[in-house]
Amino acid sequence: MLASLAAVPPLMVVLLGMYLVVCSISALLQIPVAELFAVQWQPSGDSYGVLLLLTGTVTVTLMALVLTLLIGLSTSLYLTLYARPKMLQVANTALGTLGSLPSVVIGLWAMTWVVPLFGNSLSSAAITAALMIVPTFTLLCISALKQVPANLDENVRALGCSDRIRALVILQHARQGVIRALVLAASRALGEAVAIYLVAGNIAQWPELFGPIATLTTTLIGELDVATGAHRGALHILALLIMLLITLVSLFCRPKLIRKRT
Amino acid sequence: MKTYLDSKIKHVASLALMMVMVLLSGCGRDTTSQLNITGASTVYPIIEMAKEGFTKQHDIRLNVQAGGSTRGFEDTLAGRNDFGAMARDLTAEEAARVEVFPIAYDGIGIVVHASNPLKSITTETLQRIYRKEITNWSQLGGPNEPIVAVNKADGHATLKVFMKHAGLTRDEIKADVVAGDNAQVIRIAANTRGAVAYVSMGEVIEAAAIGMELKLVNLDGIEPTIEQVASEAYPLRRTLYLVSKVPPAGNASLLLQFLSSEEGKQIIKRGNYVPLP
């Protein structure tokens, strides 16, 4: 029973991948391959260049990751090293709640609070994506930092090191966990759709900090329900690209995750 | 060994059963007394509202799915629905392949944020805004506020109708925000001080009525009201259609009859659309 159920997730990934590949190949019968490399996405003019959308996705994700690193690392260091246990408990609950909010709720909130400040723009999109991934990242960081042996911290303190050195030593010891958390955050940001769609402006152009941006996922959301023919096929290619990007990112962290327990 | 094998077979069987159930779960419906309608999201509210009265009269279920006019048309050609819903005129080529039934008129309203002092706009100004020749409300005598031009995503009928009216090509339009469905256009307009957008009038009237911060402005001097759409004075209006692959008979013709009946006309009016005369 266990074995057959365990086969379900990989099977689903393979089936989904196959579905997207088949759809993409049939799309390529309608769209000249050269068209995919055009620097324009405008389905009504039969332009299906994925480059701008790909750049959009990567830029939003990278910016969100920088924000997440800044906020998440400092939060988790503070909570594990300095905060009182009560505070840690409260923060844990808050992070858990924030992390499980549906993306559309975060998106609607960002529409009212972030968009008035930064417009429907790349910045808003990155901040919103960061909001989505900070909680999980922080919680994973906290658990990584907690696994650092207590005597390491005691030794560092006994040596009279400054607070900064103490944090660095502990981070150094927990770095694998932190990297793993970051990779997970990255794949979530890559696939995030609804919240970003609500604030990004959704125009396919080169990234500008305060200009609108379209990503692979926002384009899918905005156009999938009305697309027909070649347009619909092109959207399947976008979906395949997202899947490939996320797979790449997950492969990047795989060896450490399935390290044998002995 | 036997028990092990037994349990293995049981598990495989239960797994297979589960998969079959999942596969079949979509197929259990009674297909004799229902009508499937797919297409324009602008027509969606009309059918949604007609559901109750229609089902009460005829005991026929209506299934509606919003997904754009062109999708509605393609679904009809492929025989995936009983009616396709379209919120734009059909091209001659399209019209030759299906049966076309106009059901109502809809005005497309020009909306701005409620705080915008603008009362009236001309088609020519709209054209220049969407070409980014005018980029600040101060150029139109308003406050110093950048104009945020909201556009509909490619594939939506409203975009096509707007482009045709304003004499714009897709390449000329330089928008600041692109939104998919009407609700999203309305959310953006109500949320952005500098916004200007075009969207189905009925939905704006509903949104303004529940307190969302947006308002309709006059277009070419004509007030954006249902009465003006009905009298054909309001310039930006379109016909909403149902299309079918074969001449409708039975249940399908009952729906057309219902929509053109007095009760159907009242429903269309309640949705802030204009029934056919």
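In what follows, every chain begins at residue 1, and chains take the letters A, B, ... in the order their sequences are listed.
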Quick one about B:Glu213 and B:Ser115 (side-chain donor to acceptor, distance below 3.5 Å, no hydrogens or angles considered), yes or no? no
Side-chain donor-acceptor pair under 3.5 Å between B:Asp75 and B:Asn81, yes or no? no
Which one wins on heavy-atom pair count under 4.5 Å against chain B: A:Gly211, A:Ala227, A:Gly201, A:Gly45? A:Gly201
Identify the residues of residues 119-136 of chain A whose heavy atoms come closer than 4.5 Å to a heavy atom of chain B, ordered by number, or report 'none'. A:Asn120
Side chains of A:Ser47 and A:Gln42: do they bring a donor and an acceptor to under 3.5 Å? no
Given heavy-atom pairs under 4.5 angstrom as the criterion, report whether the side chain, backbone, both or neither of B:Asn151 touches chain A. neither
Contacting moiety of B:Ile188, where chain A heavy atoms sit under 4.5 Å: both
What part of B:Thr192 gets within 4.5 angstrom of chain A, counting heavy atoms only: side chain, backbone, both, or neither? side chain
Answer yes or no: is there an ion pair linking B:Glu172 with B:Lys132, defined by an N-O contact shorter than 4.0 Å? no
Determine whether B:Asn136 and B:Ser138 satisfy the following criterion, side chain to side chain donor-acceptor pair (under 3.5 Å), listing intermediate values before the conclusion. CA-CA 5 Å; B:Asn136 196 299; B:Ser138 62; 3.1 Å; yes
State, without any angle test, whether B:Arg238 and B:Thr42 hold a side-chain donor-acceptor pair at a distance under 3.5 Å. yes
Which atoms of A:Gln205 come close to chain B, meaning under 4.5 Å heavy atom to heavy atom: side chain ones, backbone ones, both, or neither? neither
Sort A:Ile221 into side chain, backbone, both or neither according to what part of it lies under 4.5 angstrom from a heavy atom of chain B. neither
Applying ring pair (Phe, Tyr, Trp, His ring centres under 6.0 Å), run through B:Tyr198 and B:His165 and close with a yes or a no. CA-CA 12 Å; B:Tyr198 54 90; B:His165 173 78; over 10 Å; no
Quick one: what part of B:Ala175 sits under 4.5 Å from any heavy atom of chain A, side chain, backbone, both or neither? both
For the residue pair B:Ser200 and B:Asp106, confirm or rule out a side-chain donor-acceptor distance under 3.5 Å. yes
With a 4.5 Å cut-off on side-chain heavy atoms, are B:Val204 and B:Lys215 touching? no
Please state whether the side chain, the backbone, both or neither of B:Arg193 comes within less than 4.5 Å of a heavy atom of chain A. neither
Can you list every pair that meets ring pair (Phe, Tyr, Trp, His ring centres under 6.0 Å) and has a residue in residues 183-214 of chain A, with sequence neighbours left out? none
